Amino acid sequence: MKRYDAKTIEAKWQERWDRDGTFRVDIKKAERPFFNLMMFPYPSGEGLHVGHVYAFGGADTFGRLKRMQGYNVFEPMGFDSFGIHSENYAIKVGKHPRELIQETTSYFRERQMKRLGALFDWDHEVITSQPNYYKWTQWLFIQLFKAGLAVRKKAPVDWCPSCKTVLADEQVIGGKCERCQSQVIEKELEQWFLKTTDYAEKLLSNLDKIDWSETTKTMQKNWIGKSEGLQIKFSLEVPRQEDKKHLVEVFTTRADTLFGATFVVVSPEVAKSWIDLGWKAPKEVADYITKSLKVDQQDRTAEKREKTGVFTEVFAINSGNKKEIPVWVADYVLGSYGTGAIMAVPAHDSRDYEFAKKYNLEIVEVIIGGDVSKEAYIGEGKLVNSGEFDGLDSKEGIKKISEYIEENQLGKRTVNYHLRDWLISRQRYWGPPIPMIFCDKCAKDGKSANKDMTGWFPVPEKDLPVELPYLKNYQPKGTGVSPLATVPEFLSVKCPECGSLAKRETDVSDTFLDSSWYFLRYPSTRSARSGQVPFDSDITKKWLPVDSYIGGNEHAVLHLLYARFITMALHDIGYLDFEEPFKKFRAHGLVIHEGAKMSKSRGNVVNPNEFMDSYGADTLRIYLLFLGPYEQGGDFSDRAIAGVYRFLNRVWSLVQEIADNTSTATPSLEMERALNLLIKKVGEDLENLKFNTAIAAMMEFLNMMNEKKDELNKELAKKFVLLLSPLAPHISEELWEVLGEKFSVHHQLWPSYKTKFLEEDKVTIVIQVNGRFRDKLEAPKGISKEDVARLALDRPKVKVYTKKGQIKKSIWIEGRLLNLVTGG
RNA sequence: GGGCAAGUGGCGGAACUGGUAUACGCGUAGGUCUCAAAAACCUAUGGUGGCAACACCUUGUGGGUUCGACUCCCACCUUGCCCACCA
């Protein structure tokens, strides 16, 4: 008997599958299309990570199940190779990204991903850094621009001093750059934004309609951060000379505390806008504003930092009780949220409380429930000191006060979102140049392609792609523009409008724009029209939206949000007939090692190649999925993987043995029953991504087969191999052949189970006394309660417990359990 | 501070709509094979007491509901993840 030589058989079948096109789907003719998507990797120099094997292994196993269920499964793969991650790595190793990406993608594909034994359709590969792809990323930008969803505006933005570029809100994690962990600095700059906020409500409400992991939905919900409240106008005593309205608007979700507002705090940003309008701020105030606008975001929002602020010498009228209250500027109020100004209610907000204590400001209790002399009471309660609203509880108070404010035109109910517009400009090299042209002459003439953006014109679509020139010195300069700005041939261009000399936009777009639509491209890469359109409409109709998407939750508020936004935008522009890109999304957990997230600095990174060499891809795939629940991830243990290897070895030798055996054994009824139960369980578990329990059930069944070798025949072995095939595609293929079957096990249908075998004519009845297990008995199916009671009471184990007291009552669960309850 | 998820043997974990807690795997111990070792295979393996049959205890802690709770309810503790001066 041959030894199980994983490496050899895996290489052998991979070659055969590749040669025969075993997994190829006919995109045009497929009758039961199933788009099985997983997040494509960025080809880092470190190579494939076990985390990838985990994600791909799980998703591929699911895809294989779908295939066996008769679907035409399309499982494409590609590389997210454009963008800052690739560029930073290139800088680090001192190579040009263009050459580096060629090396890394080929290493990923040829040496690693092809070894996994996945259904990957390399004929439909998408590489985001190739001109034939980013041409369409640029096209996408232009469509958004035309629809008014891509705008250039001046705003306070986050700047990473190390990556030397601005970042999107989503790419700043706790005040630090997502890529390099440097502290970001706030800068006021003019940049390109995509108007995600236009879709805030839809991005939120559609969450109820899609089948996604709850964790992911919750993260998106929190990120969108909808809060309903009241925007109230407070009259102001002349801070601004040009604005005759003299008022400040504040946002609150706690209108019930209006009468407790003893001062107003405006953010430095709002105060600055007053100065710009002509307000003569006292010197001390002006200095404070200038100073705090320079401080970076992290310092400004650090929790432990003591609050600072200055009195503006301006007063406002509280629109509730008409009292005159002081206006302060303080940097604990954010310019970017709500109106950038608040009514401070120190009695019922801990931040305002801290501030009031420090600067000796009045604290008035308006909600009963706490001890305001000690700390702010932020809960709800009955209103006091609130004039006509006294006695109402908080909820009523919010309603009544809101009505009062609206009736008297003192403000309006509004909705605020935490979500900001997506800043996509990057002052970097390795990305798709933003396909826009600025013409001085047209700007002077007031011409534009879009309102509010005089002088800006998109590159004519026939001129796409705007190719990224080969730049030897591509490193970011930190001058606020991309290195592309140093290339005169790139920079100068004819104005598409008037033909005079104009300038190109030199920034490139965010890497998340590349990945926001890649799934739309996959099915269409081989279409005859792939050069004319980004995605073929007939093909798209057939294959999209994506049927199943599996990936990590680290993209919950990045890629997954952006992809939804882009899909909605393309839907509204008229290119797609669906709003949501992914019908079903499941977030998988994280594979950790030695109790911690894998990282090079910790030195606990597991290299999948090592394990594929020693045990084979099948073992590695199954081992990772066996770790624990797929949504939870697990801790990789170099030792425990041997257990799975042993399992496959045992499968190997048992099937060989069965294949060699010429005798015609028949499985007992018990064996048939176990097999049918197994078919049912594995099918259901794989469908629900419960890989760990499916594998455990297979192991259990194998143990049973080993105990009852005289009942085994080829039919049984074949069924077992079929069940194993989505999890371990190579060994299954080999064993299928060993059993004398024709190529390929992967052309087979998922076996069906027979319900008649699932039922037993005997049942096991559990006997409890006072709810505790005491004995069990075998009985024919359909036995009555009385018969069981009689049998039970004869049992010595039961007698011991029942003689202590009279049986008061008994609980009978048909065919399963009898519980005898004694008195005393 | 807010949100989400989770606490079960030495370890990873299993347990259907509340009904035999600890499946499956790792590890450990003993054994078989071997000159020996590895591998493989077999047996045992939640804790305490007992020679044993067996008994009692056990799903983070404390209560509750129930004939019966890992599962449901309340409070608390701990860990992980996400967000965070968001008004």
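Remember, predicted model here, so these are calculated numbers, not experimental data.
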- Within the modelled atom types, does a donor on one side and an acceptor on the other bring the side chain of A:Gln768 and the base of B:rG19 under 3.5 Å apart? yes

- Item | Residue whose nearest RNA chain B nucleotide is more 5′ - A:Thr252 or A:Gly628 | A:Gly628

- Item | Whole-Å distance separating the CZ atom of A:Phe691 from the C1' atom of B:rA23 | 20 Å

- CZ of A:Arg646 versus P of B:rA39: gap in Å, rounded? 8 Å

- Separation of A:Phe647 atom CZ from B:rC26 atom C1', in whole Å? 15 Å

- Task: Please report, rounded to the nearest Å, how far the P atom of B:rA84 is from the NZ atom of A:Lys176.
- Result: 13 Å

- Message: At less than 4.0 Å, is any side-chain N or O atom of A:Arg772 found next to OP1 or OP2 of B:rC57? Yes or no.
- Response: yes

- Stepwise ring pair (Phe, Tyr, Trp, His ring centres under 6.0 Å) check, A:Phe355 with A:Tyr332: CA-CA 9 Å; A:Phe355 194 75; A:Tyr332 81 90; 5.2 Å; yes

- Query: Between the side chain of A:Thr619 and the main-chain N/O of A:Tyr645, is any donor-acceptor distance below 3.5 Å?
  - Reply: no

- Cation over ring face, A:Arg564 and A:Trp212, 6.0 Å, 45°: yes

- Task: Please state whether the phosphate of B:rA14, meaning OP1 or OP2, lies under 4.0 angstrom from any side-chain nitrogen or oxygen of A:Asn692.
- Result: yes

- What is the distance from NZ of A:Lys357 to C1' of B:rC85, rounded to the nearest Å? 19 Å

- Query: If only side-chain N and O atoms of A:Lys809 are considered, is one of them under 4.0 Å from the OP1 or OP2 phosphate oxygen of B:rC67?
  - Reply: yes

- Expressed in angstrom and rounded to an integer, what is the separation of A:Leu558 atom CG from B:rC83 atom C1'? 13 Å

- Task: Send over the distance from A:Tyr337 OH to B:rC83 C1', rounded to a whole Å.
- Result: 13 Å

- Item | side-chain contact (heavy atoms from CB on, under 4.5 Å) partner of A:Phe720, chosen from A:Leu712, A:Ile679, A:Leu678 | A:Leu678

- Message: For residues 627-653 of chain A, which residue pairs pass the salt bridge (charged side-chain N to carboxylate O under 4.0 Å, His left out) check, not counting sequence neighbours?
- Response: none

- Message: Please report the distance separating the C1' of B:rC35 from the corresponding atom of B:rA23, rounded so that it comes out in whole Å.
- Response: 41 Å

- Anti/syn call for B:rG9, syn if |chi| within 90°: syn

- Is A:Asn703 near enough to B:rG25 that one of its side-chain N or O atoms lies under 4.0 angstrom from OP1 or OP2? yes

- Query: Just checking, is any N or O donor in the side chain of A:Asp349 or A:Tyr377 under 3.5 Å from an acceptor N or O on the other one?
  - Reply: no

Output a table of donor-acceptor pairs, distance under 3.5 Å, between side-chain atoms of residues 551-558 of chain A and any protein atom two or more places apart or on a different chain; print 'none' if there are none.
unit_1: A:Asn553; atom_1: OD1; unit_2: A:Thr216; atom_2: OG1; d: 2.8
unit_1: A:Asn553; atom_1: ND2; unit_2: A:Thr215; atom_2: OG1; d: 3.1

- Query: Of A:Leu820 and A:Ala696, whose nearest nucleotide on RNA chain B comes first from the 5' end?
  - Reply: A:Ala696

- Message: Measure CG/A:Leu627 against P/B:rC24 and give the value in whole Å, please.
- Response: 18 Å

- Query: In which stems does RNA chain B show up, taking only runs of three or more Watson-Crick or G-U wobble pairs whose two distances fall under 3.5 Å?
  - Reply: B:1-7 with B:77-83, B:10-12 with B:24-26, B:27-32 with B:40-45, B:46-49 with B:54-57, B:60-64 with B:72-76

- Message: Please confirm whether the shortest side-chain N or O distance from A:Arg650 to OP1 or OP2 of B:rC41 is below 4.0 Å.
- Response: yes

- Task: Please tell me if the side chains of A:Lys307 and A:Arg351 come closer than 4.5 Å, counting only heavy atoms from C-beta onward.
- Result: yes

- Query: Which part of the nucleic acid, if any, lies within contact of A:Asp635, taking any heavy atom under 4.0 Å across all strands shown: a base, the sugar-phosphate backbone alone, or nothing?
  - Reply: nothing

